[in-house]
Trainee: 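Below are the structure tokens for one structure; questions will follow.
The chains referred to below are lettered A, B, ... by the order of the sequence lines, with proteins before strands, and numbering in each begins at 1.
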Amino acid sequence: MLDLRFVRENSDLVRKAVADRGLEVPLDDLLEKDRRRRAVLADLEEKRARHKRGNKEIGERMRKGEDPVDLREEMGALSEEIRALEEEADALEEAVREILIRIPNLPHESVPVGPDETFNREVRRWGEPRTFDFQPLPHWELGERLGILDFQRGVKIAESRFTLLRDKGALLERALINFMLDLHTREHGYTEVFPPILVNEESMFATGQLPKLEAEMYRCRDDVLYLIPTAEVPVTNIHRGEILEEADLPLYYCAYTPCFRREAGSYGRDIRGLIRQHQFNKVELVKFAHPDTSYEELEKLTNDAEEVLRRLGLPYRVVALSTGDLSFAAAKCYDLEVWLPSGGEYKEISSCSNFTDFQARRANIRFRPSGGGKAQFVHTLNGSGVAVGRTVAAILENYQRADGSVEVPEALRPYMHGLEAIEP
RNA sequence: GGAGGGGUGGCAGAGCGGACUAAUGCGGUGGUCUUGAAAACCAUUAGCCUUCGCAGGCUCGCGGGUUCGAAUCCCGCCCCCUCCGCCA
């Protein structure tokens, strides 16, 4: 959410930012309602002040034994007027808010301007895609042949886009989670947390999933709780409504959680394999940063996520998303894309974003400046570090051998009882 | 799920129709005193909204209602605690 005062005073800037994203927002409507609300409020407050003084006088006179009937009647009438004005002011405030919460964050000046992903800009590449002297298989075929991915039974147990991991497949998944958590906690300075996987509406609103992405989420039938689509939600909400100490910033958290997404509207996409699942595991990195350093923190966070891929020896590239591809709450975002031989392309495996004060304002997360003074909103950041299911796919495809076995990346072997390869 | 108790400032806790402009204590900050510290004493110690400012308004879990007037009375909801039941 943007600051209403900022929107009021910089409407042209906001208008341009929304247009750059290829979106439309009834900004003039908002400005007009905001103007009217402030006019009503001035009137209302003047009447309330009069009402207060009058009531105080009634109290004083009644204590002296009088009954000021005329004043009581006057205050009664004033009370009616106040009630009407309150209703008007509340309605206007609500209308303003309804528009305001749907305005996306302002893209950072370094974000490439363009209507869609074709305007994304590649920032760097790491690693060389391997050349095969045999016909490489897609990971779903490798996984089924190795008996570690069971798609049919996943569908039987749940529905399509759910997969059963077996034996070395389950072990590989678990090894990756532990490897990533260890890397971030022991070498990158993150504090590990394990948060609730079901969260309430306030939490979903705070990070920006609600109201816009309601259809993307699984909801419980008898309780107003949602399955998290990413650990970003519960972890960012750790400090919702809190005032942090400036000296404690930046705070680094990482969390492994399962994630659940309905993938509404992506019927035909990535239908085979592990790429687009309704349930997947992810290790997430979350930061609460000082506004002055949040963009440096974004670079560091992105590098922390990249380190996972470098240690695993998976070729990747980093892409700066354009205004049209940027998510609702993000001011800037780098996607990490891992090389997948089956498609002969780079595929998103992590998304690292700076949300500036956009989520912090919705979540009311502030910090008290060390020198004293007004509490300010922190900047929140997060990024996958990284998506586990897609990493499994990338390892299977990039480390496959001609005989259908898959070499275990060296960094992972300590986490897999020294196993060097997954064989049929 | 059943029964009871309770949500008041950073924390504890009083107030239970009109001086609430929310007592008091603790904690925090600044100061006096001190070689330094502790103690003591003094001062200070919420957020938000409107406004250029003066100033005004809102907020006692949330939402309604009664009343000239609600932290206080009534109704609904949410959350927490204790006990019982169920349960990994």
Trainee: Of A:R83 and A:R37, whose nearest nucleotide on RNA chain B comes first from the 5' end?
Mentor: A:R37

Trainee: Base, sugar-phosphate alone, or nothing: which one does A:R50 contact when heavy atoms must sit under 4.0 Å apart?
Mentor: nothing

Trainee: With sugar-phosphate meaning primed atoms plus P, OP1 and OP2, does A:R61 contact a base, only sugar-phosphate, or nothing at under 4.0 Å between heavy atoms?
Mentor: nothing

Trainee: With C1' as the reference atom in both, quote the distance from B:A14 to B:A23 in angstrom, rounded to an integer.
Mentor: 6 Å

Trainee: Heavy atoms, side chains only, cut-off 4.5 Å: are A:L92 and A:V40 in contact?
Mentor: yes

Trainee: Just call it for A:L41: base, sugar-phosphate, or nothing, with non-hydrogen atoms closer than 4.0 Å on any strand.
Mentor: sugar-phosphate

Trainee: Mind checking if A:R97 touches a base, just sugar-phosphate, or nothing, with heavy atoms under 4.0 Å?
Mentor: nothing

Trainee: Determine the interatomic distance between P on B:G9 and the same-named atom on B:G57; round to the nearest Å.
Mentor: 22 Å

Trainee: For A:K332, enumerate each residue passing the salt bridge (charged side-chain N to carboxylate O under 4.0 Å, His left out) test, keeping only those at least two apart in sequence or located in another chain.
Mentor: none

Trainee: Using the ring-ring contact (aromatic ring centres under 6.0 Å, His included) definition, which of the options A:F377, A:F367, A:F288 pairs with A:H239?
Mentor: A:F288

Trainee: Taking only the P atom of each, what is the distance from B:A38 to B:C26 in whole angstrom?
Mentor: 16 Å

Trainee: Using the P atoms only, state how far B:G85 lies from B:A3, rounded to an integer number of Å.
Mentor: 16 Å

Trainee: Any salt bridge linking A:E86 with A:R48? Criterion: basic side-chain nitrogen under 4.0 Å from a carboxylate oxygen.
Mentor: yes

Trainee: RNA chain B: A:R38 or A:I243, which has the more 5' nearest nucleotide?
Mentor: A:I243

Trainee: What does B:A40 pair with, Watson-Crick or G-U, if both distances are under 3.5 Å?
Mentor: B:U32

Trainee: Would you mind pulling out the nucleotide paired to B:G25, Watson-Crick or G-U wobble, both distances under 3.5 Å?
Mentor: B:C11

Trainee: Quick check for you: to the nearest 0.5 Å, what is the distance between A:L326 atom CG and A:E117 atom CD?
Mentor: 13.0 Å

Trainee: Verify the neighbour count for atom CD of A:E24: are there more than 12 heavy atoms of other residues, nucleotides or ligands below 6.0 Å?
Mentor: no

Trainee: I'd like the C1' distance from B:C33 over to B:A22, given in whole Å.
Mentor: 34 Å

Trainee: Using the C1' atom on both, measure B:C68 against B:U50 and round to a whole Å.
Mentor: 26 Å

Trainee: For B:U59 versus B:G7, give the span between their C1' atoms, rounded off to a whole number of Å.
Mentor: 16 Å

Trainee: Under 4.0 angstrom, heavy atoms only, what part of the nucleic acid is A:K52 near: base, sugar-phosphate, or nothing?
Mentor: sugar-phosphate

Trainee: I want to check something: taking the side chain as every heavy atom from C-beta on, are A:S203 and A:Q209 in contact at a cut-off of under 4.5 Å?
Mentor: no

Trainee: Could you please name the partner base of B:A3, counting Watson-Crick and G-U wobble pairs only when both distances are under 3.5 Å?
Mentor: B:U82

Trainee: What distance, rounded to whole Å, do you find between the two C1' atoms, one in B:U44 and one in B:U34?
Mentor: 22 Å

Trainee: Between which nucleotides of RNA chain B, read 5' to 3', does contact with chain A run, using atoms under 4.0 Å from its heavy atoms?
Mentor: B:G18 to B:G69

Trainee: With sugar-phosphate meaning primed atoms plus P, OP1 and OP2, does A:A42 contact a base, only sugar-phosphate, or nothing at under 4.0 Å between heavy atoms?
Mentor: nothing

Trainee: Taking NZ, NE, NH1 and NH2 as the nitrogens, is one of them in A:R50 or A:E46 under 4.0 Å from a carboxylate oxygen of the other?
Mentor: yes

Trainee: Scan every strand shown for a Watson-Crick or G-U wobble partner of B:A55, both distances under 3.5 Å, and answer none if you come up empty.
Mentor: B:U50

